[in-house]
Amino acid sequence: MTHDPHPDEPRRLRRPGLIARLRGNFLAGLIIVAPIGLTFWLIYTVVGWVDGWVWPFVPNRWHPDVLINRWFGTDGAPPIAVNVRGIGVVVFLVFTVIIGWLGKGFIGRAVIRFGERLVDRTPVVSSIYNGVKQIAETVFSQRDTSFDHACLVEYPRKGIWAIAFISTAAKGEIAAKLPGDDEIATVFLPTTPNPTSGFLLFLPRSEVIILDMSVEDAAKLVISAGLVYPNPKDPKLPPVTS
C-alpha cells in the first residue's frame, strides 16, 4: 500500500494532449466561422440567382460591360469583361417598387382584378397562384397580421407545456359555438425545427400563459430546439431588453 507524500496538496489535473487541444480549437473556430460563412454563401447565392433571372430581361446595351467598353472606347483592344454581382438585385428592387406603386392606383387595381379573374378560370394555375398569393400576403403584408404574443400552452396533454403564438381572439362561428364564457384565443402551435408547420388551437385565455419574450425570440427558441434562449447569459433571468 502506498501513501501520498503530500496528502494536502491537490492533485494536478492532467492536461489534454496536443491532438485534443487542436480538436477543441477547431470546433470552437468552426462554431464562429460556419454561421458567418454560410450567411455570406447564402447571400452570394441568392444575389447570383436573382442576377441570372433579371439580366436576360435587360437590353444588352445596358449591361455594365457593354457600357464600360462604350464609354472608354476599347475599339481594337480586348473588351473589358465585367461581372458586377448585385446590380440585378437593384434592378429587381426598382422594378418591384414601380409595380407596387402602379398596383396601388385605380388602373393598376383594375388590371390586377382582370388578370386574377382570368387566372381563376385556369385549372392548376389558379391553385398555384392563389396559394402563393396567400403566402405572400401573410409574409409581406404591412397590415396587422403578425402574432400578438408568445405563450405557453399545455399540449399534447396536461403537464406538458409547449411554446405557441397568439394570433387573435376567436371570431365568428368559432367564438359563438365554443362553450364557456371565457374569451377564446386563436393559438398557433409550431413544430420544431420547422415552425412553418404546426397546429391551430382554440383555447380559453385562462389556459394560456403569456410570455415576456418577443415573438422573434420565441421563434428562435423553437427553431433551435431549445438551444437559443432570449437571455443567453442566464436563461433563468427575463429576456434581455435593448
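Atom set for the values below is all heavy atoms of this structure, side chains included, hydrogens, waters and symmetry mates excluded.
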Drop me the distance from [X]'s [atom1] to [Y]'s [atom2], to the nearest 0.5 angstrom.
X	Y	atom1	atom2	value
Tyr155	Trp161	OH	CH2	15.0 Å
Leu203	Glu183	CG	CD	12.0 Å
Leu178	Asp181	CG	CG	12.0 Å

Using every non-hydrogen atom in the two residues, find where [X] and [Y] come nearest and quote the distance to one decimal.
X	Y	result
Pro190	Ala164	CD-CA, 4.0 Å
Asp148	Thr168	OD2-CA, 4.2 Å
Pro156	Ile160	CD-CG2, 3.8 Å
Val215	His149	CG2-C, 4.0 Å
Ala170	Ala175	O-CB, 3.3 Å
Ala185	Arg205	CB-NE, 3.8 Å

May I ask whether Ile223 and Leu227 are part of the same hydrophobic cluster, defined by side-chain heavy atoms of I, L, V, M, F, W, Y residues being less than 4.5 angstrom apart, directly or through others? no
Tell me whether Trp53 shares a hydrophobic cluster with Val46, the cluster being built from Ile, Leu, Val, Met, Phe, Trp, Tyr side chains joined at under 4.5 Å. yes
Applying side chain to side chain donor-acceptor pair (under 3.5 Å), name anything that partners Asn194, two or more places apart in sequence or on another chain. Thr196
Is there side-chain contact between [X] and [Y], with heavy atoms separated by less than 4.5 Å?
X	Y	value
Thr45	Trp41	yes
Ile210	Ile166	yes
Thr186	Lys171	no

Which of Ile163, Ile209, Val187, Leu189 passes side chain to side chain contact (heavy atoms under 4.5 Å, CB included) with Cys151? It is Val187
Just wondering, more than 12 heavy atoms not from Leu118 lying within 6.0 Å of its CG? yes
Flag if over 12 foreign heavy atoms under 6.0 Å of CZ, Phe188: yes
Thr192 side chain to Ala225 main-chain N or O, any donor-acceptor pair under 3.5 Å? no
Would you please say whether a donor-acceptor pair under 3.5 Å links the side chains of Ser197 and Thr191? yes
